[in-house]
Amino acid sequence: MERRYIASRIAQTIITLYAVLTLMWVLFRLVPGDPTAMFLSGRLSPEDVEAIRKLWGLDQPLHVQYFKYMKNLSMGDLGISFSYREPVLKVMLPALFNTLILMIPSILMAIVVGTLMGTNLGWKRGSARERIGVVLSLFVRSFPVFLTGIIVLMIFVHLLGWFPLGGMRTIGAFGLSWWERFLDVSHHLALPFGVAFLYYVGDVVVISRTSMLEMIGEEFLQFAKARGLSDKKVKKIAMRNAIIPVITYSTILIGFAFGGQVLLEVVFAWPGVGRLMVNSVQIHDYPVAQAAFFLMATAVIIANLLVDFSYGYLDPRISIQKR
Amino acid sequence: MGVWKRNLKLILHNPMGMFGVATLSTFALLAIFAPLIMPYDPMKCQYIDGELARLQPPSMHFLLGTTHFGRDVLSQVIIGSRVALIVGSLAAIFLTFIGTNIGLVAGYCGGRVDSLLMRLTDIAFGIPFIPFAFLLIALVGPSIWNIIIVISFLMWRTTARVIRSQVLSLKERPFITAAKVSGASHLRIMYVHILPNVLPMSFLYIALGIAWSTLSEASLSFLGIGDPRMISWGQMLYYAFITGSARTAWWYVLPPGICIALFVISAFMVGQAYEEVVNPRLRKRNS
């Protein structure tokens, strides 16, 4: 890939990040009233309120507050949590780790399994199996993820008792070996993982099927057939090329996954970033809520950048054009 | 308008399209005539023999049982179709309107305007929707209008990209050159010559937009920031979940849940059927 392309893409990413940060700053200034009114009890004297406003820099003009906010963020200072009384970063990192444990495996599996299923459906155009597959994936897509979660909890936890209710670890289980801890977390992970997979896979199936259908008329496939390759081999060539739209889609999927993640984490009481954000808003811990959103947006933007860079490797036509 | 009539006919000819149109119309009828159909006042706590009818399973009295607060589930589900319909249709129309205009202007003008608008679209794609909408609504206060505004504010992004790429290929076509030569203004070319050609695509995005917006509203309401003055399906699930009723009271969870899924799937099916109409490549050879 060309250097200039990479540089311009990175510059673009920084601009996007900057715009999202600014938007967030504006968003938190939309709160009716002053941030002090949010969590200071009314018992403070006006002089004390004034002192705190000064301490937090709220007495300064808006543009000064804005530059300070940007400066602090760029140095990795996300502020101090109102409720945990700790630096936000310290609260956020374990939550981010928990979110990724749930998200990365389910997205990867959805992409791999979904692409295999979708390309196979597309290859068998017009068969009964294809029709069923399409309707099924449409069905999966239309089911809100929290609903699937609630139903799964109802059946597998409350009715059958096969899985623990929410959370990530068994509460009060101390002195476990490394292996036992791994099993415990996996046991808690199984249900949210399954629901997340189902939620992501529908779109991947639909997209890879469509892109496979578009492959069917391509000249290089006709050529492969004319060379006398077996159907299996031709299909393999078609599949390799049908993957590219799936990669494009995965940029959208990652953004979309954080939305699903918020809902899933709430339903399964999974201690990740999404749940942290929802809980923080409920208890008016705005620095944490703000940082959680910032983290999710950054993850989406950076993931988009990485996916963009991976194109060149996947589709030789694109990298040649760029050169 | 012979084309539209033919398109509608083709949608209804498709079993999926037929199903989608029929279900959505049923929900519309439910929403309009809700006061006549509902057996009880959806917000009124019901009593049996002087005791609050808390979490009653379905019976002849309450066809779909009662909620944690002793309210009738069936009546709530019926009135809930109003929120789905209002948010679904209005947000879908707004986001398609914004997306089509941005795509049209970006594709037609090209150059700086194009790259500015497309960077704006990239930024919109960089914002994770549910977290953003949750924060915005939690901060400015929950209401059905805020939900509609935040959906329209962000979800135009896909429509804008698709419409732009259509406009890019359309503007090279001879009839546009002809219009230019005959002295038509840019505005006239955009809105009189190009727009009618991308409208079919825009209509597809209205159908998809209905599905997205309804899902978004349900998700946001489930997070507890639905309009407190209106009953929606997502909000019913929120209360079922936070009161712990969702553990066993299937009659409280399934009706609103199935309604959301049915509503969304119908909108997707209309979209799919419509796509087969406007994109003849997807149509089967012998139909």
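What you are looking at is a predicted structure, and each value in this text was computed from that prediction instead of being measured.
The environment of B:Met118 atom CE is dense: over 12 non-hydrogen atoms of other residues, nucleotides or ligands sit within 6.0 angstrom.
Of the two parts of B:Phe263, neither the backbone nor the side chain holds a non-hydrogen atom closer than 4.5 Å to a non-hydrogen atom of chain A. Using a 4.5 Å cut-off between heavy atoms, A:Leu23 contacts chain B through its side chain alone, with no backbone atom that close. Of the two parts of A:Val281, only the side chain, counted from C-beta on, holds a non-hydrogen atom closer than 4.5 Å to a non-hydrogen atom of chain B. Contacts of B:Ala211 with chain A are absent, with no heavy-atom separation under 4.5 Å from either backbone or side chain. The contact between A:Val278 and chain B is made by backbone and side chain atoms together, counting heavy-atom distances below 4.5 Å.
Heavy-atom pairs under 4.5 Å with chain A were tallied for B:Phe222, B:Phe268, B:Phe129, B:Phe125; the largest tally goes to B:Phe222. Between chain B and the options A:Ile301, A:Leu147, A:Thr148, A:Thr298, the largest number of non-hydrogen pairs under 4.5 Å is found for A:Leu147. Chain B forms the most heavy-atom pairs under 4.5 Å with one residue out of A:Leu263, A:Val273, A:Val262, and that residue is A:Leu263.
Judged as a salt bridge (charged side-chain N to carboxylate O under 4.0 Å, His left out), not a single pair has a partner in residues 245-272 of chain A (not counting sequence neighbours).
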- Could you walk me through whether B:Leu215 and A:Phe143 pass the side chain to side chain contact (heavy atoms under 4.5 Å, CB included) check? CA-CA 9 Å; B:Leu215 265 180; A:Phe143 242 72; over 6 Å; no

- Item | Worked check of side chain to side chain contact (heavy atoms under 4.5 Å, CB included) between A:Phe258 and B:Ile130 | CA-CA 8 Å; A:Phe258 272 102; B:Ile130 295 281; over 6 Å; no

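With a 4.5 Å cut-off on side-chain heavy atoms, A:Ile151 and B:Leu254 count as touching.
Minimum heavy-atom separation, B:Pro128 to A:Ala297: CD-CA, 3.7 Å. Closest approach of A:Gln282 and B:Leu223 over heavy atoms only: NE2-O, 4.3 Å. Considering all non-hydrogen atoms of both residues, A:Met277 and B:Phe134 come closest at CE-CD2, 3.4 Å. In terms of heavy atoms, A:Leu153 sits closest to B:Phe241 at CD1-CE1, 4.4 Å.
Taking non-hydrogen atoms and a 4.5 Å limit, the residue list of residues 9-22 of chain A in contact with chain B, ordered by number, reads A:Gln12, A:Thr16, A:Ala19, A:Val20.
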